[in-house]
Enquirer: 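Okay, handing you the structure first.
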2 protein chains.
Amino acid sequence: MKKVSLKDIAEMTGVSTSTVSFILNGKASEMRISEALKKKVLATANRLGYQPNQVAVSLRTGQTKILGLLVEDISNNFFAMLAKTIEDEAEKFGYRVVYCSTENDSKKGQALLRMLAQRQVDGFLITPTSGMEQDIRKLHSQHKPVVLMDRCFSGMEVPHVLVNNYGGTSEAMQHLIKKGYTRIGFITVDLGLNQMLEREAAYSDAIAKMPATKAKAKKTVLTINYHSSKEENKKQISKFIKSNKLDAVFFATNYLGILGLECLREQQIRIPNELAVVCFDDHDIFRLYIPDISVVQQPVEEMGRKAVHLLMDQLGKERTGSKDQQLRLNAKFVARESTSREA
Amino acid sequence: MKKVSLKDIAEMTGVSTSTVSFILNGKASEMRISEALKKKVLATANRLGYQPNQVAVSLRTGQTKILGLLVEDISNNFFAMLAKTIEDEAEKFGYRVVYCSTENDSKKGQALLRMLAQRQVDGFLITPTSGMEQDIRKLHSQHKPVVLMDRCFSGMEVPHVLVNNYGGTSEAMQHLIKKGYTRIGFITVDLGLNQMLEREAAYSDAIAKMPATKAKAKKTVLTINYHSSKEENKKQISKFIKSNKLDAVFFATNYLGILGLECLREQQIRIPNELAVVCFDDHDIFRLYIPDISVVQQPVEEMGRKAVHLLMDQLGKERTGSKDQQLRLNAKFVARESTSREA
DNA sequence: AATGGTTGCTAAATCGATTTAGCAAAACAC
DNA sequence: GTGTTTTGCTAAATCGATTTAGCAACCATT
């Protein structure tokens, strides 16, 4: 059982490949192919189990019907969910998605972008890392359809879908302050990503605006080194919490929060009585933890869907009303037990 | 800035496309291309930023250098980890991996298999669902390289990498029995997957062999409906535990365990004092939970690597010593707090 | 000067589809 | 019976690479 090509069917039925192609692509009547011949060709195609070679189709049509999705780490829940919604949404438009993880390594990111370009993907969906700015600019200048997600570069006119990091963080900070926490720390990561900076800015502003009665409130930030070992980072976190006598801590992203929980567990620090915890970005772990952890939820599905739509706009799939090419979606604070200490 | 092709370079430098192709593929000396010309072509290729069109290359060479990976659900941690190791390992052999999730839907699984075949992937890595048997047989009979992982069909001669489900489960059961638990329940899912059946068989055998002193020990199994709602399933679990007065429960796979934790949390059942918990397959949540959950760890990395190796063997990359085409790797029980009640 | 061997490069086929332009035969018009 | 249309189909170009077979031009040999 070898592979069956158009030519095989053509030879079997004694017609030309053109005719077979027309029939199989539903252009039989348009091309005035007789009903009898159509039936015959369809039947043998079916019998032989013909499956068109997409590689050849792509070469000829110039379309692969594939989108490239570049995320930080596909095994991180946030990106896995994002990938899933994107895949489902893209399918509705007849596109497949191939995912790649950059692991925050700009060399790897560049290599992957190049690889996707060589594979002739029809469009790019990217959660960029700091080193990718040049490459993305280049893609965009070559008129390749590109959409950025979750983060972007200031001053870049590329379409993107972001989250209202500032608003979500502010909301969470208000909650902590209202609950009477005064020594609130902020733990972030040194990737220079602008969504992290926005979250930190909201934190700083919230601290600065704290009622004067709580006079001693001060900005207290720990910036974790992304490439350090887990153990080293846990040590840092525990030292940060203890030496600053914090009563609450805000983690800027989900893996920091998870690492934090691991650290608190080892240090036997009780949540929320000894320390309140909030994390940006929800996760099964936070929902299931005892006590469950207050979080700022990101609109993952909406982000994925909107991103695909922005890309389809560029691919000429003119969905109705494609107005703004740069979106910002709202994040939502969800209060749970981790921020409600017993009176 | 349009796309640059071989032909463009050929015209710019005044040579034929053949020559350019030879040079860019490192066959310059083999084809006795003069050093001067080689330099010139390389220079202009570089200057124009030439990137070969992989679609064309694939069509011509008959190789896409792409492997298709079909898993149950890429957002499930186990499969995400598996995908990651596979991706890394495949890269060493010059292959890219595209992942797809079947979501245990055999229709979707078939559609994905067909799609991957049409895209001319060079090989398949599959965690099959029960409905895929026919399709996989067909692939194998067409001499397409295929490797199954995690599960397989009895009597199928397709290469695969499995886990010693029976051994891992037995080990966990011994542990529970030694700890004095007597009313041990088993919760599985109705997908008819053989790895689940093996785990259940180990459970049953362990119960049957329990010391006679613990006379009342009886097989107590709940089979969850995969497609039921989460709420319905939680209700089932809670009823199962209460009505059977269980003192320990074994979850056959990670999402059941996670669902179980959620359920126990809502029912305010304390672990391990009221109920001991063990789950097949580790997860961040189990490691971080308070108390942390005893699990049977699967050798994910090893499975991924071995699977790629089995596939490479079929692709003729003759790694040294490719002996057995059907592997079974050991699972390891890890005792944690969830199975050690206070005396 | 004829022969043979290198050297350095190219023409053309090929992979498997799509699509444009056009051809022969039949049908119709008058 | 001749001219025009319509019908039903096909030849050939094309996408962008790889690769086989082979052609000139030059050199060396006798």
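Just so it is clear: chains get the letters A, B, ... in the order the sequence lines come, proteins before strands, and each one is counted from 1. Just the heavy atoms: all of them, side chains too, but no hydrogens, waters or symmetry mates, feed the values below. Everything numeric in this text was worked out from a predicted model, so none of it was measured.
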Enquirer: Looking for any heavy atom pair under 4.0 Å, which part of the strands does B:T19 touch: base, sugar-phosphate only, or nothing?
Expert: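 Contact class for B:T19: base.
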Enquirer: Let me spell it out: for each of B:G14 and B:A56, pick the nucleotide of DNA chain C with the closest heavy atom. Which residue's pick is nearer the 5' end?
Expert: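 Closer to the 5' end of DNA chain C: B:G14.
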Enquirer: For B:T127, which of B:L82, B:L70, B:T102, B:D73 qualifies under side chain to side chain contact (heavy atoms under 4.5 Å, CB included)?
Expert: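 Considering B:L82, B:L70, B:T102, B:D73, a side chain to side chain contact (heavy atoms under 4.5 Å, CB included) with B:T127 is found only for B:L82.
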Enquirer: Counting the atoms with a prime plus P, OP1 and OP2 as sugar-phosphate, which does B:S5 contact under 4.0 Å by heavy atoms, base, sugar-phosphate, or nothing?
Expert: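 Sugar-phosphate contact only.
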Enquirer: Could you check B:R32 against B:V57 and say which one's nearest nucleotide on DNA chain D is further toward the 5' end?
Expert: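 The answer here is B:V57.
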Enquirer: Could you check whether any side-chain N or O of A:S21 sits under 3.5 Å from a backbone N or O of A:T17, counting only pairs where one atom can act as donor and the other as acceptor?
Expert: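 Between the backbone of A:T17 and the side chain of A:S21 there is no qualifying donor-acceptor contact (under 3.5 Å).
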Enquirer: Answer yes or no: is there a donor N or O on one side and an acceptor on the other, between the side chain of A:D88 and the main chain of A:T85, under 3.5 Å?
Expert: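 No, because the side chain of A:D88 does not come within donor-acceptor range (under 3.5 Å) of the backbone of A:T85.
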Enquirer: From A:L139 CG over to A:Q134 CD, what is the distance, rounded to the nearest 0.5 angstrom?
Expert: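 So the CG of A:L139 and the CD of A:Q134 are separated by 11.5 Å.
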Enquirer: Remember a base hit wins even if backbone is also touched, and classify A:S21 as base, sugar-phosphate or nothing at under 4.0 Å, heavy atoms.
Expert: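 Base, at least one base atom sits under 4.0 Å.
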Enquirer: Which part of the nucleic acid does A:K38 contact within heavy-atom distance under 4.0 Å: base, sugar-phosphate only, or nothing?
Expert: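 Since no nucleic acid heavy atom lies under 4.0 Å of A:K38, the category is nothing.
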Enquirer: Can B:K27 be said to sit on top of B:F22's aromatic six-ring, NZ or CZ under 6.0 Å from centre and within 45° of the ring axis?
Expert: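 The answer is no; the distance or angle limit is not met.
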Enquirer: Base, sugar-phosphate, or nothing for A:V55, non-hydrogen atoms under 4.0 angstrom?
Expert: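 Nothing: the residue A:V55, judged by heavy atoms under 4.0 Å, touches no strand.
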Enquirer: What range of DNA chain C does chain B touch, first nucleotide to last, counting atoms under 4.0 Å from its heavy atoms?
Expert: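 Reading along DNA chain C, I get C:dT7 to C:dG16.
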Enquirer: Take B:L59 and B:M31, find for each the nucleotide of DNA chain C with the closest heavy atom, and name the residue whose nucleotide sits nearer the 5' end.
Expert: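 Nearest-nucleotide comparison on DNA chain C picks B:M31.
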Enquirer: So, the side chain of A:S75 versus the backbone of B:N77: is there a donor-acceptor pair under 3.5 Å, distance only?
Expert: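 No: the side chain of A:S75 does not pair with the backbone of B:N77.
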Enquirer: Checking the side chain of A:R328 only, and the main-chain atoms of A:V163 only, is there a donor and an acceptor separated by less than 3.5 Å?
Expert: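 Pair found, side chain donor or acceptor close to backbone of A:V163.
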Enquirer: Should the ring pair B:H309 and B:F93 be called parallel, tilted or perpendicular, given that the plane angle runs from 0 to 90° and is split at 30 and 60?
Expert: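 Aromatic pair B:H309/B:F93 classed perpendicular.
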Enquirer: Heavy atoms within less than 4.0 Å of DNA chain D: which residues of residues 110-117 of chain B have one? Give them sorted by number.
Expert: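 Output list: empty, so none.
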Enquirer: Looking at CE of B:M115 and SG of B:C100, how far apart are the two atoms once the value is rounded to the nearest 0.5 Å?
Expert: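 The distance works out to 6.0 Å.
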Enquirer: Is it the case that the side chains of B:T19 and B:S16 hold a donor-acceptor pair, with the cut-off being a distance below 3.5 Å and no angle test?
Expert: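 Yes, because at least one side-chain N or O of B:S16 sits under 3.5 Å from a partner of the opposite role on B:T19.
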Enquirer: Can you pull out how bent the helix from C:dA1-D:dT30 to C:dC30-D:dG1 is, comparing the axes over its first five and last five pairs, to 10°?
Expert: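 The value is 70°.
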Enquirer: Just by distance, do the side chain of A:T129 and the backbone of A:E72 share a donor-acceptor pair under 3.5 Å?
Expert: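 Checking the backbone N and O of A:E72 against the side chain of A:T129, no donor-acceptor pair under 3.5 Å is found.
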